[in-house]
**Q** 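First, the structure itself, so that you have it in front of you.
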Amino acid sequence: MGSKERAGPRAPHPAGDPTPFAEAVLDAVARIPRGRVMSYGDVAEYVGAGGPRAVGTVLARWGSGVPWHRVVTADGRPNPSDPDRARALLRSEHVAFRRERVEMSAARWNGR
DNA sequence: AGTATGACGGTTA
DNA sequence: CTAACCGCCATAC
């Protein structure tokens, strides 16, 4: 086949291919165990590149194929885009909540 | 190549 | 506790 085939079981992204950084981010998010969460900054640190905002940019563009709801803000707040949906998904995974925020002390996943 | 944007984060008021 | 500001970094145009 072509030289740019990538056989990615990921998702029907819009137009354009995910950059190496984007793939690293998506891979990291896909690795977050069920019932656990990572902050945007945690993901950036995990992939060793970019920053919290850059991670948000990637998820906003190609995050439809990964458990995006497992990525929360550093304060434990769900995605500002669909907080209600994210909360429902997280609660269905037994993620500990306090008020409207994830109990980071208990649900935060460090990547290992 | 440069400017504008945003699903962030930490600090300061 | 809320609000505003700045810094950071990949994308879009």
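Every chain is numbered from 1, with letters handed out A, B, ... down the list of sequences.
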**Q** Please report the distance, rounded to the nearest Å, between CH2 in A:W62 and P in B:dG6.
**A**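 After rounding, the gap between these two atoms is 16 Å.
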**Q** Quick check on C:dA12: is either OP1 or OP2 less than 4.0 Å from any side-chain nitrogen or oxygen of A:R61?
**A**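 Answer yes for this pair, as a side-chain N or O of A:R61 is under 4.0 Å from OP1 or OP2.
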**Q** Do we see a donor-acceptor contact under 3.5 Å between the side chains of A:D27 and A:Y46?
**A**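 No, no side-chain donor-acceptor contact under 3.5 Å.
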**Q** Tell me whether the OP1 or OP2 atom of C:dA12 has a side-chain N or O from A:T57 closer than 4.0 Å.
**A**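 Negative; the distance criterion is not met.
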**Q** Please check if atom CD in A:E93 has more than 12 non-hydrogen atoms from other residues, nucleotides or ligands closer than 6.0 Å.
**A**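 Counting neighbours around CD of A:E93, more than 12 heavy atoms of other residues, nucleotides or ligands fall under 6.0 Å, so yes.
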**Q** Take the protein atom CZ of A:R85 and the nucleotide atom C1' of B:dA7, then report the distance between them rounded to whole Å.
**A**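 Roughly 15 Å, once rounded to whole Å.
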**Q** Please report the distance, rounded to the nearest Å, between CD in A:E45 and P in C:dA10.
**A**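 Rounded to whole Å, this separation is 15 Å.
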**Q** If I take atom CG in residue A:D17 and atom P in nucleotide C:dA12, what distance separates them, rounded to the nearest angstrom?
**A**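 These atoms are roughly 11 Å apart.
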**Q** Remember a base hit wins even if backbone is also touched, and classify A:A22 as base, sugar-phosphate or nothing at under 4.0 Å, heavy atoms.
**A**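 A:A22: backbone/sugar contact only, no base atoms under 4.0 Å.
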**Q** A:I32, A:W62: one ILVMFWY side-chain cluster at the under-4.5 Å cut-off?
**A**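 The answer is yes; both residues are in one hydrophobic cluster.
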**Q** Sequence neighbours left out, what passes salt bridge (charged side-chain N to carboxylate O under 4.0 Å, His left out) with A:R108? Give chain and number order.
**A**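 Partners of A:R108 by the salt bridge (charged side-chain N to carboxylate O under 4.0 Å, His left out) criterion, ordered by chain and then number, come out as A:D42.
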**Q** Pairs under 3.5 angstrom, nitrogen or oxygen only, protein versus nucleotides 9-13 of chain B, please.
**A**
residue : atom : partner : partner atom : Å
B:dG9   : OP1  : A:G41   : N            : 3.4
B:dG9   : OP1  : A:A74   : N            : 3.3
B:dG9   : OP2  : A:A74   : N            : 2.9

**Q** Specify the separation, in whole Å, of atom CG of A:L90 and atom C1' of B:dA7.
**A**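 Whole-Å distance recorded here is 14 Å.
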**Q** Below 4.0 angstrom, N of the basic side chain to O of the carboxylate: do A:R87 and A:E100 qualify?
**A**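 Answer for the salt bridge query: yes.
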**Q** Tell me, please, which residues at least two apart from A:E103 pass salt bridge (charged side-chain N to carboxylate O under 4.0 Å, His left out).
**A**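 Result, salt bridge (charged side-chain N to carboxylate O under 4.0 Å, His left out) vs A:E103: none returned.
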**Q** C:dT11 P sits how many Å from A:L59 CG, rounded?
**A**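 Distance check: A:L59 CG to C:dT11 P gives 11 Å.
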